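To keep things clear, I will list the structure first and then write my remarks on it.
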Amino acid sequence: MSTLKETLFKKIEAHRPRTTRLIKEFGDVKLGEYTMAQTIGGARGIKALVTDISYLDPDEGIRFRGKTISETFEALPTAEGCAYPSVESFWYFLLTGDVPTEEQVDEVKADFASRSKVPQYVFNMLRALPMETHPMTMFSSAILALQNESVFAKRYHDITKMEYWDPTYEDACNLMAKLPEIAAFIYRHKFKGGDIIPSDTSLDMGANFAQMMGIPAPYDDVARMYFIIHSDHESGNVSAHATHLVASALSDAYYSLSAGINGLAGPLHGLANQEVLSWTKQFMEKLGGKVPSKEKLTEALWDTLKSGQVIPGFGHAVLRKTDPRYTAQREFCLKTPGLNEDPLFQLTSLIYEVAPGVLLEHGKAKNPWPNVDAQSGVIQQYYGLTEYDFYTVLFGVGRALGVLANIVWDRGLGYPIERPKSVTTEMLEKAAGIV
Ligand code: CMX
């Protein structure tokens, strides 16, 4: 180890007990409105963000524009032969809070079609990356490469603050129109030998995405459902907050969304959907593909915890009940013949029965219930999307809807640059009265 690294390591080791003590013994000490535990502990529960696009209730789960997931699905127009509303209708609803008419949905579809052409340099850049590059790195890089197209960046010097929302809206729509094709390109390029299926903009976003992925119906409905439920989860989660934070510096939508996608790529956030699948599949492989007994599963869950890992797909920073996004996907599985008998679905259902009890006994997680990521891979896997390191890209396309709608409103309302205050450990020790 170099001298620098060794010295740093010693200092980190010496510092850790100070932080641990402050949380354990002085967590309730107030620093103004909030406690020491909140200040050190990831700003948990601090009310510092405003959004009217969605609200997350700890017990009830997410509401988009005041509507629960099932109310949203019921309220929005659904095209003939589809089980779920179009993503375009949801985009209209997220941005405005109004349920669109069919004509208004058709207008969004036509608008997206006119904005959908992805410049060739984006595909060239993706092809130039090493093939083993993670799909999320490819996705984020493609978004960042597109920054060249930003209408906001071009118009910034010629407009006033109250006009910023307009080019931000243009950037947001241009991005939303292109993201499905970029995502499908990454999938076909990385996993299907570069056999790219062209976009068909006569289809709605869900159907076009399914055909570009090369997955037949009902995957179009899976895509619609998946993009909608993953769209927004109020503003404090990592991807939404990162997008909002970067946009608050008046970085355009491309810089901001790329930052949000980088946050989504963390295993404690969106990447958990990949982790769940790799965890469950490895576990099933060990058992020769069979669904394990409750005893074996309990043992495997404890092994994961004892090795210092989290159980992916369980727990949440805000929710204190089963995530309704988990339930929406579980209901889809239950009502889909074949899928409801799939061994991976059965194992996921068994984990749902067993893991909360294990986590409660473990005694650390404040929420022992499953989140959105615990169920999503099962559906993807069933429809042939077995490459689980692609799953977070799907989450990313959906998440873009929410975070882009939010930054359009941020600019519309002229929210300022975000700049919370930090303190030193010594200041906290002084507040605790121990130095
Ligand atoms: N397995 C094991 N331990 C867990 C746990 C889990 N699923 N969930 C929480 N814990 C632990 C935390 O690591 C923490 O331990 P330490 O005190 O040693 O640091 C303790 O329980 C308290 O955590 P918490 O207050 O309940 O949860 P946080 O708000 O800190 O974290 C989350 C929330 C989601 C990061 C956490 O529950 C977790 O790591 N879950 C597994 C990963 C996952 O599924 N992430 C996806 C979330 C949804 C999404 O964003 O996509």
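Model, not experiment: these values are computed from the prediction. The residues of the chain are indexed from 1 along the displayed sequence. Start at 1 and go down the list; that is how both ligands and their atoms are numbered.
Numbered from 1 in the order shown, with element, the atoms of ligand 1 that lie under 4.0 Å from a heavy atom of Ala272 read 43 (C), 44 (O), 45 (N), 46 (C). The ligand atoms of ligand 1 that sit less than 4.0 angstrom from a heavy atom of Gly313 are 43 (C), 44 (O). Every atom of ligand 1 with a heavy atom of Ala317 under 4.0 Å away is listed here by number and element: 29 (O), 33 (C). Distances below 4.0 Å separate heavy atoms of His316 from the following atoms of ligand 1: 33 (C), 34 (C), 37 (O).
Nearest-heavy-atom check against atom 30 (O) of ligand 1 across Arg399, Lys364, Arg44 picks out Arg44. Distances from atom 1 (N) of ligand 1 to the heavy atoms of Ile311, Asn371, Asp373 put Ile311 nearest. By heavy-atom distance, the residue among Gly315, Ala365, Ala374 lying nearest atom 5 (C) of ligand 1 is Ala365.
Looking at ligand 1, you won't find any N or O of Val310 less than 3.5 Å from one of its N or O atoms. In terms of polar-atom proximity, defined here as any N/O pair under 3.5 Å, Val372 makes no such contact with ligand 1. In terms of polar-atom proximity, defined here as any N/O pair under 3.5 Å, Lys366 does make such a contact with ligand 1.
Side-chain contact, Thr96 with Arg65: no donor N or O sits under 3.5 Å from an acceptor N or O.
The part of Leu305 lying near ligand 1 is the side chain, judged by heavy-atom distances below 4.0 Å. For Leu359, every heavy-atom contact with ligand 1 shorter than 4.0 Å involves the side chain, none the backbone.
Under the rule for a salt bridge (charged side-chain N to carboxylate O under 4.0 Å, His left out), the partners of Asp111 that lie at least two apart in sequence or sit in another chain are Arg115.
Among protein heavy atoms, atom 38 (C) of ligand 1 sits closest to Phe314 O, 4.0 Å. Nearest protein heavy-atom contact of atom 50 (O) of ligand 1 is His269 ND1, 2.5 Å. In terms of protein heavy-atom proximity, atom 39 (O) of ligand 1 is nearest to Leu268 CD2, 3.3 Å.
Between Lys192 and Glu387 there is a salt bridge, since at least one side-chain N of the basic residue sits less than 4.0 Å from a carboxylate O of the acidic one. A salt bridge is absent between Asp303 and Lys306: the closest approach of a Lys/Arg side-chain nitrogen to an acidic carboxylate oxygen does not fall below 4.0 angstrom.
Checked against His244 for a side chain to side chain donor-acceptor pair (under 3.5 Å), the options Asn406, Thr51, Asp410 give a single hit: Asp410.
Note: Trp369 and Tyr352 have perpendicular aromatic rings, judged against thresholds of 30 and 60 degrees for the angle between ring planes. In this structure, Tyr84 and Phe73 have perpendicular ring planes: the angle between them is above 60°, well past the 30° mark. Using cut-offs of 30° and 60° for the angle between ring planes, the Tyr391 and Tyr388 rings count as perpendicular.
Other residues, nucleotides and ligands place no more than 12 heavy atoms under 6.0 Å from the OH atom of Tyr169.
Side-chain atoms of Glu170 and Phe152, non-hydrogen and from C-beta on, never get closer than 4.5 Å to each other.
The nearest protein heavy atom to atom 19 (O) of ligand 1 is not closer than 4.0 Å. Proximity of atom 32 (C) of ligand 1 to the protein is not indicated, since no non-hydrogen protein atom lies closer than 4.0 angstrom. In this structure, atom 12 (C) of ligand 1 has its sub-4.0 angstrom surroundings free of protein heavy atoms.
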Can you list, pair by pair, the side-chain donor-acceptor contacts under 3.5 Å of residues 425-435, counting residues two or more places apart and other chains?
| residue | atom | partner | partner atom | Å |
| --- | --- | --- | --- | --- |
| Thr425 | OG1 | His15 | NE2 | 3.1 |
| Glu429 | OE1 | Arg18 | NH2 | 2.9 |
| Glu429 | OE2 | Arg18 | NE | 2.7 |

